[in-house]
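Notes follow once the structure below has been shown.
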Protein chains: 2
Amino acid sequence: MQVTKTLDYAVRSLTYMGHQPIGKHSMKEISQEQHIPLSYLAKIMRRLVKKGLVRSSLGPDGGYTLRKSPNEINLRDIYEAIEGEIRMVECMDKDSICVLYDTCPQLPVWDKIQLSMVKILEDTTLADMLKERKNITMNQVN
Amino acid sequence: MQVTKTLDYAVRSLTYMGHQPIGKHSMKEISQEQHIPLSYLAKIMRRLVKKGLVRSSLGPDGGYTLRKSPNEINLRDIYEAIEGEIRMVECMDKDSICVLYDTCPQLPVWDKIQLSMVKILEDTTLADMLKERKNITMNQVN
DNA sequence: ATATTATGGAGTCACAAAGTCCACAATATA
DNA sequence: TATATTGTGGACTTTGTGACTCCATAATAT
C-alpha cells in the first residue's frame with residue numbers, strides 16, 4: 001500500500017520536464033537534477049515513451065520531450081504507465097478466481113478506497129503539481 | 001499499493017469471529033473455516049492479541065474472542081495492527097529525511113489520498129462488513 | 001497425568017523492486 | 001564520413017520482504 005520508488009522517480013522526472021514543457025531534456029540532465037540513478041532512469045523512461053507520455057530523440061542533442069502539455073497529463077496516466085492497471089486487491093483482477101468473491105464482505109471497502117484514489121489521481125495533473133511547488137516557494141519568500 | 005494477504009487473512013478472521021462476537025474460536029477452527037494456513041494464522045493472531053483486538057485463552061477449549069463488539073472495531077484498527085502506521089510514501093515517516101521535503105510537489109497528492117483512505121477505513125466497522133454480507137445473501141435468496 | 005490450546009522465535013522460500021551492465025542503433029556535427 | 005553523443009533492449013545481480021513452516025515451551029481443562 002505504498003508508492004514505489006519507481007513511481008516516485010517517474011513523477012519527479014515528468015514534473016521536472018514540466019518546467020520547460022517544450023524543451024528537450026537528456027537522461028543525464030534529469031538523472032543529475034533529480035538524483036535518480038542513470039541506468040535505472042533509462043528503464044523508467046522507456047516505459048514512459050512506450051506509453052506515449054514522452055517523445056524521445058537520439059543522437060547528440062537528443063533527449064525527451066513531453067507529448068502533451070502539463071495540464072493534460074494526470075497522475076493516473078503516470079501511475080498506470082509505471083505500475084499497470086490500478087487494483088487494491090488481487091481478486092479485482094479479471095483473470096483471478098476466488099470462491100468467496102460473490103459474498104466477500106471486504107471487497108466493497110477496497111473498491112470504495114480504490115475509486116476515491118483513482119478519482120484523486122485523475123483530478124491531479126502535472127500542472128497542478130507545478131503550481132503546488134510555486135505556492136510553497138512563494139510562502140517561503142513571504 | 002495493494003492489500004497484502006496477511007491483512008486479508010486478519011480481516012477475514014475477525015469478520016468470521018464477528019458472527020458470534022461472544023463465542024470463543026480456536027485457531028484450528030478459524031484456519032479451517034477461512035482456509036488460512038494454521039501456522040501462519042498463529043503469527044497473525046499474535047499481533048491481534050498484542051494490539052488488543054482479541055483476547056486469547058490457553059488449554060483445551062481455549063481460543064480467541066473479540067475484545068470489543070463488531071461495531072466498535074474499524075478497519076483502521078485492523079490495518080494498523082497488521083501493517084503498522086499508515087503511510088503512502090516513505091518520506092511521511094517521522095524519522096525519514098528528504099532534502100526535497102519542503103518543496104516536494106507530489107507530497108500533497110499522496111497525503112490527500114492517504115487521508116481519504118484513512119477516513120474510509122475508520123468509517124468502516126466489522127459490523128458494516130457483516131451487514132454487507134447479509135445483504136448479498138438476501139439478494140441471492142430473492 | 002495428559003491432551004489440547006496458544007506463544008515466541010528462528011528459519012526457509014519465492015518473488016518483485018531496485019539497480020547495474022553492455023552491446024547496439026540512431027543522429028548531429030566537425 | 002568518422003566520431004562522439006544520445007537513447008534502446010535485454011540480461012543479469014542484489015536486496016528486501018511477504019508468505020509460510022517448524023519446534024520447543026507455557027498454560028489449562030478434564
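Because only heavy atoms are used, hydrogens play no part in the values below, and waters and symmetry mates are left out as well, while side chains stay in. Letters go in sequence order (proteins before strands), and every chain restarts at 1.
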Checklist outcome for this item: d(B:Lys43 NZ, B:Leu38 CG) to nearest 0.5 Å is 14.0 Å

Item to check | Atom pair distance, as rounded to whole Å: CE in A:Met1 and C1' in D:dT17 | outcome: 16 Å

Checklist outcome for this item: Scanning both residues in full, the closest heavy-atom pair of A:Met45 with A:Met17 reads CE-SD, 4.3 Å

Checklist entry - Could you state the CG-P distance from A:Asp8 to C:dA18, rounded to the nearest angstrom? => result 10 Å

Item to check | Integer-rounded Å distance: D:dA19 P and A:Glu90 CD | outcome: 10 Å

Checklist entry - Does any residue of residues 29-46 of chain B have a heavy atom under 4.0 Å from DNA chain C, and if so, which ones, in number order? => result B:Lys43, B:Arg46

Next on the checklist: Could you check whether any side-chain heavy atom of B:Leu75 comes within less than 4.5 Å of a side-chain heavy atom of B:Asp128, counting everything from C-beta outward?
Outcome noted: no

Checklist entry - Expressed in angstrom and rounded to an integer, what is the separation of B:Ile82 atom CD1 from D:dC20 atom C1'? => result 15 Å

Checklist outcome for this item: Separation of D:dT6 atom P from A:Met27 atom CE, nearest Å, is 10 Å

Item to check | Atom-pair distance (CG on B:Leu7; C1' on D:dG18), nearest Å | outcome: 13 Å

Checklist entry - So does A:Asp8 pair up with A:Lys5, basic N to acidic O under 4.0 Å? => result no

Checklist entry - Within this structure, what is the CD-to-P distance between B:Gln2 and C:dC15, rounded to whole angstrom? => result 16 Å

Checklist entry - For every nucleotide of nucleotides 24-30 of chain C, 5' to 3': is a protein heavy atom under 4.0 Å from its base (B), only from its sugar-phosphate (S), or from neither (-)? => result --BBB--

Next on the checklist: Show every side-chain hydrogen bond (donor to acceptor under 3.5 Å, both in side chains) that has at least one partner inside residues 63-78 of chain A, sequence neighbours left out.
Outcome noted: A:Ser69-A:Asn71, A:Ser69-A:Glu72, A:Arg76-A:Glu80, A:Arg76-A:Glu122

